[in-house]
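One is the number of the first residue; the rest follow in order along the sequence. Note that these values count all heavy atoms, side chains included, but never hydrogens, waters or copies made by symmetry. Fair warning: this is a prediction, and the values are worked out from it, not measured in the lab. Both counts, for ligands and for their atoms, begin at 1 and track the order of listing.
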Amino acid sequence: MDAAKDITTPVAIVGGGPVGLVLALLLDFHGVNCTIFNTEPEARWHPKGNGQNARTMELYRRLGFSDAVRCLGLPADHPFDQAYFTRLCAHEIYRFAMPSRDQRIAMRRQMPVTDQLPEPMFHVNQMYVERFLLDRVRKLPSVDVRFGWQVDWFTQNESAVRLHAKKSDGSDEATFTAAYAVACDGGGSFMRKTLGIAYEGDVQKKDAYWAGQFFSIHMRIPDLYPKFVGHRRAWMYWAVNPDPHTRGVIFALNGVDEFMMLIKPERGKTDVDTAEVADWVKRTIGADIPVEILGYRPWSAGQALVAERYRAGRIFIAGDAAHLFTPTGGFGMNTGIDDSANLAWKLAAVLQGWGGPRLLDSYEAERKPIGYRNTGASRKYASRMHDAVVPDDVELDGPAGEAARTAAAKLSYVRFNHFNRAEDKDAVGVQIGGRYDGSPIIVPDGAPPPDIFPETYDEYFPSGLPGGRAPHLWLDERRVMGSSLYDKFGRGFTLLRFAGAPDTAAVERAAAARGMPLSLLDVPLREGRELYGRDLALIRPDQYIAWRGDQLPNDVDALLVRVTAY
Ligand SMILES: Cc1cc2nc3c(=O)[nH]c(=O)nc-3n(C[C@H](O)[C@H](O)[C@H](O)COP(=O)(O)OP(=O)(O)OC[C@H]3O[C@@H](n4cnc5c(N)ncnc54)[C@H](O)[C@@H]3O)c2cc1C
């Protein structure tokens, strides 16, 4: 052990959950080295979030591995249906049908040029994706991977952050000096608390199903498919019956024998053992079949919390450390991953000298309102789904049972269940409709922003108005990697030219003089000009529109200063 070790790194990422891992990958994409710390030596092997949303998937596409992520989890022909049963071995009540991965790929080929979901939401458990992301990160020479290292103190001054980390088994320790640090250390964030930054918002304790104490259970049930649900497979199986001990939802993880169950025990019970947990599972299934409990963890629902500040000096806060959600909608991790996309290019710009220090202030200005918006959306969806009073008859055979099941299919618990509801376009406004209107580095052009709050959570209006995500276009018929407008964007800024080839030499010269990465992209598609509403649009490295116009301003340098806060 060498306590005197002092290691220098441009960016220290504290926390190697999905948000920290994606930040490391994006920093590498933008040419920045970093060090990532994570208490546990390997990626967490317990199921959590089940949805990688459209924005997250398009970021994976930008990193070149969205297709590989789509190969994780369920087999290619497994449906993603959301199905409601009295118990899994008994009556089916209702089903939202969803295509398998193979069917979806076929559907993509039929999409119009202006399809806005090049990478629709994909349901795969976070634990598979985290392991995949860690494998990718471990292959990057730019990342010093310190899994199994816990950061236990830090200080900062005007020029650097100093952190101390110890190997979790006590075998090594070192201090690190970083230009910037990012706290991706989860909901209990030691970094955020040490900085004295509190969460704003509240925690819903009652009046909603998704409130209070839950358990997540990881289990192996080899007989479930062969004996009970193999002929009516779904990705999500809900139990709807009067027994409060079985009000659980089971997710297919690998499409064979591994499952996750979320269950709300009666009266916030936390003191349970493996036998009791297995009993909940068997009652939910409705059969006494072998259940191997691989792990179970308590967790709480009902939060809508956002950190008061996303920055303290040279330290930024991202992911659950910055916002805590109730799981309805599946927004927690996805919002955190988009925090990383917003922050990564700004850190790169400042460290590489083409962005001004104020650029980093725009992180909070842009992402904190999204934290509020998205936690609010989760809360709204959660409030639609109250605790159901399920009639006793629902489990009967015969006409009385049939009638009760028909009635149960109309319960808000079933129909308004927005916990990852099985439609691509569900909450599409939340997934890809976030906007940064009012940000100091966005150049507004006078047109009113599309109506976004709060009614449009379920809709997305593609718009060329600066401040929103760049509208998508397919550029050829194959609809594969390389066919999307996004695949043609540069790693830095991209100037889209929709009409002819106007003289853009002045902006190219100005960008080169500043060392600012700028690519030009001609898109001679009528649909492109229509969507963007101008002949030119300047796209940021995170695929958001910074500026648009029919011609470049006379002072192009002033434009570049504005969008990079130089
Ligand atoms: C049941 C359930 C279902 C969910 N469903 C969804 C969903 O469908 N979609 C969705 O988007 N989100 C979902 N979420 C939320 C999602 O799981 C979290 O938002 C996500 O894990 C947050 O990622 P993170 O990287 O910010 O933090 P975490 O995943 O909490 O990772 C933080 C990491 O930091 C490490 N760490 C902490 N302190 C230190 C330290 N001092 N030094 C070094 N390392 C440290 C921890 O070991 C941990 O690995 C769900 C959550 C639950 C519980």
Distance filter under 4.0 Å to Phe190 heavy atoms, resulting ligand 1 atoms: 41 (N)
Reported CG-to-CD distance for the pair Asp339 and Glu366, which is rounded to 0.5 angstrom: 11.0 Å
Proximal candidate to atom 35 (C) of ligand 1 [heavy atom criterion; set Asn38, Val249, Asp185, Ile13]: Asn38
Lys139 with Asp135: basic N within carboxylate O range, under 4.0 Å: no
Close N or O approach (Pro327, ligand 1; < 3.5 Å): no
Element-labelled atoms of ligand 1 that are located less than 4.0 Å from some non-hydrogen atom of Val14: 40 (C), 42 (N)
Proximal ligand 1 atoms for Arg44, defined as those under 4.0 Å from one of its heavy atoms: 21 (O), 28 (P), 29 (O)
Electrostatic pair Arg61:Glu58 at N-O distance under 4.0 angstrom: no
Numbered atoms and elements of ligand 1 in range of Gly17, under 4.0 angstrom, heavy atoms: 25 (O), 31 (O), 33 (C)
Under-4.0 Å salt bridge between Glu292 and Arg220: yes
Closest candidate by heavy atom, reference atom 50 (C) of ligand 1, pool Gly329, Gly49, Ala318: Gly49
Arg311 with Asp361: basic N within carboxylate O range, under 4.0 Å: yes
Proximal atoms of ligand 1 relative to Trp149 (non-hydrogen, under 4.0 Å): 43 (C)
Leu262 and ligand 1 - part of the residue with a heavy-atom distance under 4.0 Å: side chain
Lys/Arg N to Asp/Glu carboxylate O, Glu308 vs Lys368, below 4.0 Å: no
Distance-only N or O hit between ligand 1 and Trp299, under 3.5 Å: no
Check ion pair Arg379-Asp202 (N to O, under 4.0 angstrom): yes
Region of Phe325 engaging ligand 1 - heavy atom pairs below 4.0 Å: neither
Partner of Gln52 by side chain to side chain contact (heavy atoms under 4.5 Å, CB included), out of Met57, Glu119, Met121: Met57
Side-chain ion pair, Asp542 and Lys346, N-O less than 4.0 Å: no
Check: Gly330 N/O within less than 3.5 Å of ligand 1 N/O: yes
Cation-pi geometry met for Arg192 and Tyr199 (6.0 Å, 45°): yes
Lys/Arg N to Asp/Glu carboxylate O, Asp243 vs Arg283, below 4.0 Å: yes
Option nearest atom 17 (O) of ligand 1 (shortest heavy-atom distance, choices Gln52, Met333, Gln126, Arg297): Gln126
Glu130 bridged to Arg44 by N-O distance under 4.0 Å: yes
Subset of ligand 1 atoms that lie under 4.0 Å from at least one heavy atom of Gly51: 8 (O), 9 (N)
Nitrogen or oxygen of Glu130 less than 3.5 angstrom from that of ligand 1: no
For Cys184, atoms of ligand 1 separated by under 4.0 Å from a heavy atom: 32 (C), 33 (C), 34 (O)
Numbering as shown, the atoms of ligand 1 that approach Glu40 to under 4.0 Å (heavy-atom distance): 46 (C), 47 (O), 49 (O)
From the candidates Pro18, Gly187, Ser378, Pro47, the one that places a heavy atom nearest atom 23 (O) of ligand 1: Pro18
Ser216 near ligand 1 by a heavy-atom separation under 4.0 Å: no
